[in-house]
Amino acid sequence: MKDYEHYYSKWFSGQFYSTIYGYKVVCLGFSIGAVFYPLYFESVKKSTQTSAIKVAQSLAEKVGEFLDTLRKKGLPIPTIAFSCDNRYNSLALSETCHKANLSYISVPKKSEKIQIHGKIYKIDQYIEKVFIVKEQEYLEKCKDNSELTQEPFFQRVMATCCKQNREIVFLFFRFNGSKKVSVIYCLDKTIFAKTLRHHWFERTQIDWASPNNFLDS
């Protein structure tokens with residue numbers, strides 16, 4: 001039991017929105033269809049959030065090696081999406097995923113700065129000044145044209161993340177008409193908006209009991 005003393009601690013639970021005592025375990029697995037298959041588990045030592053990211057890096061390396069083994073055996077393994085929430089929004093983790101041939105998807109902090117068409121915005125500023133304006137224009141257009149089918153508005157934007165100093169894909173959208181605008185990003189510049197959302201929702205369906213719980217991620 002002494003070995004477990006290094007892992008038992010006080011953690012913040014995103015599911016219960018409170019601090020609880022227990023063990024923090026990072027799990028990495030595959031989602032195939034509507035079923036999630038856990039592959040690796042590893043406990044996090046009581047320390048800072050950085051230690052959880054390091055554990056995630058270790059698991060990403062393991063799954064990368066596992067997929068490489070399958071490819072060497074001749075199996076046609078496509079690039080797998082590595083979807084994680086904002087607690088694992090990390091340049092180091094994204095680099096590890098890139099080396100492991102995993103398509104890293106995460107949630108940026110809305111205070112982070114991005115550059116689009118030569119202009120620099122904080123993400124929350126971009127939402128207010130650009131996204132919401134374009135969304136209103138779209139809704140008005142749908143309102144004026146009865147033949148136009150109103151689909152949920154979203155924006156797929158190629159932008160430079162100032163913190164990471166590289167160009168990546170951001171997706172801005174609302175989930176089920178929420179008042180909050182959600183933002184996710186991916187390092188794969190060729191990914192379609194629909195594919196990006198699909199991979200993200202697969203993870204959130206596993207992570208949370210209710211869809212409303214992940215809007216603040």
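Along the sequence shown, residues are numbered consecutively beginning with 1.
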Q: Step by step, work out the side-chain contact (heavy atoms from CB on, under 4.5 Å) result for V130 and I116.
A: CA-CA 11 Å; V130 181; I116 302 176; over 6 Å; no
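- Under a hydrophobic-cluster definition in which Ile, Leu, Val, Met, Phe, Trp and Tyr are linked whenever side-chain heavy atoms come within less than 4.5 Å, directly or via other members, L91 and I53 are assigned to different clusters.
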Passes side-chain contact (heavy atoms from CB on, under 4.5 Å), I123 versus F170? Steps please.
-> CA-CA 10 Å; I123 289 177; F170 289 88; 4.1 Å; yes
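- Hydrophobic clustering of Ile, Leu, Val, Met, Phe, Trp and Tyr side chains at less than 4.5 Å, counting indirect connections, unites F66 with V55.
- With sequence neighbours excluded, the residues that form a side-chain contact (heavy atoms from CB on, under 4.5 Å) with K122 are K113, D124, Q125.
- When every heavy atom of F82 is checked against every heavy atom of A60, the shortest pair comes out as CE1-CB, 4.0 Å.
- Among residues two or more places apart in sequence or in another chain, the ring-ring contact (aromatic ring centres under 6.0 Å, His included) test is passed with Y126 by Y121, F172.
- Residues L171 and R197 are in side-chain contact: their nearest non-hydrogen atoms beyond the backbone lie under 4.5 Å apart.
- Remark: K62 pairs with Y40, E42, S58, L59 by the side-chain contact (heavy atoms from CB on, under 4.5 Å) rule, at least two apart or across chains.
- Other members of the hydrophobic cluster containing V25, listed by chain and number, are F41; membership follows side-chain contacts under 4.5 Å among ILVMFWY residues, whether direct or relayed.
- Applying the salt bridge (charged side-chain N to carboxylate O under 4.0 Å, His left out) definition to pairs two or more places apart or across chains, those involving residues 183-194 are E167-K189.
- Taking OG of S90 as the reference point, atom NZ of K54 lies at 10.5 Å (rounded to 0.5 Å).
- Atom CD1 in I168 sits 12.0 Å away from atom CD1 in I105 (nearest 0.5 Å).
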Stepwise side-chain contact (heavy atoms from CB on, under 4.5 Å) check, N89 with E112:
CA-CA 11 Å; N89 172 27; E112 288 186 24; 2.8 Å; yes
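- Across all non-hydrogen atoms, the minimal contact from A52 to V26 is O-CG2, 4.2 Å.
- No more than 12 heavy atoms of other residues, nucleotides or ligands shown are found within 6.0 angstrom of CD on E128.
- Remark: the backbone N or O of K180 is paired with a side-chain donor or acceptor of S178 at under 3.5 angstrom.
- For D68, the side chain to side chain donor-acceptor pair (under 3.5 Å) partners at least two apart in sequence or on another chain are R71.
- For the side chain to side chain donor-acceptor pair (under 3.5 Å) test, residues two or more places apart in sequence or in another chain that qualify with T96 are Q57.
- Annotation for L67 and L102: closest pair CD1-CD2, 3.8 Å, computed over non-hydrogen atoms.
- Separating the OG atom in S182 from the CZ atom in F175 is a distance of 8.5 Å, to the nearest 0.5 Å.
- A single hydrophobic cluster is seen to contain both I184 and M158, as judged by linkage of ILVMFWY side chains at heavy-atom distances under 4.5 Å, directly or through other members.
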**OP:** Under the ring pair (Phe, Tyr, Trp, His ring centres under 6.0 Å) rule, what do Y138 and F153 come out as? Steps first, then yes or no, please.
**Re:** CA-CA 7 Å; Y138 169 75; F153 182 76; 5.4 Å; yes
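- Checked by atom type and distance alone, the side chain of Y104 never pairs as donor or acceptor with a backbone atom of C84 at under 3.5 Å.
- Side-chain contact check for S106 versus S94: every heavy-atom pair is 4.5 Å or farther apart.
- The side chain to side chain donor-acceptor pair (under 3.5 Å) check on S111 picks up nothing, with sequence neighbours excluded.
- Once rounded to the nearest 0.5 Å, the distance linking CD1 of I191 with SG of C186 reads 4.0 Å.
- I77 and F30 fall within a single hydrophobic cluster, where Ile, Leu, Val, Met, Phe, Trp and Tyr side chains are chained together by heavy-atom contacts under 4.5 Å.
- Applying the side chain to side chain donor-acceptor pair (under 3.5 Å) rule to E95 yields the partners R166; only residues at least two apart in sequence or on another chain are considered.
- Of all the heavy atoms in A159 and I114, the pair that sits closest is CB-CB, 4.3 Å.
- Contact annotation: the side chain of V169 never approaches that of V157 to less than 4.5 Å [non-hydrogen atoms, C-beta and beyond].
- Under the salt bridge (Lys or Arg N to Asp or Glu O under 4.0 Å) criterion, E135 pairs with R174, not counting sequence neighbours.
- Pairs engaging residues 152-165 under the salt bridge (charged side-chain N to carboxylate O under 4.0 Å, His left out) rule: none recorded [sequence neighbours left out].
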Could you go through the side-chain contact (heavy atoms from CB on, under 4.5 Å) check for Q136 and V133 one step at a time? CA-CA 5 Å; Q136 288 301 317; V133 172; 6.0 Å; no
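- S103 has its side chain out of reach of I80: every pair of non-hydrogen atoms, C-beta onward, lies at least 4.5 Å apart.
- Residues F192 and Y185 are members of separate hydrophobic clusters, defined by side-chain heavy-atom contacts under 4.5 angstrom among Ile, Leu, Val, Met, Phe, Trp and Tyr.
- To the nearest 0.5 Å, the span separating CG on L39 from CG on L28 amounts to 6.5 Å.
- Atom CG of residue N86 and atom NZ of residue K110 lie 10.5 Å apart, to the nearest 0.5 angstrom.
- Legend: residues meeting ring-ring contact (aromatic ring centres under 6.0 Å, His included) with F154, ordered by chain and number and at least two apart, are absent.
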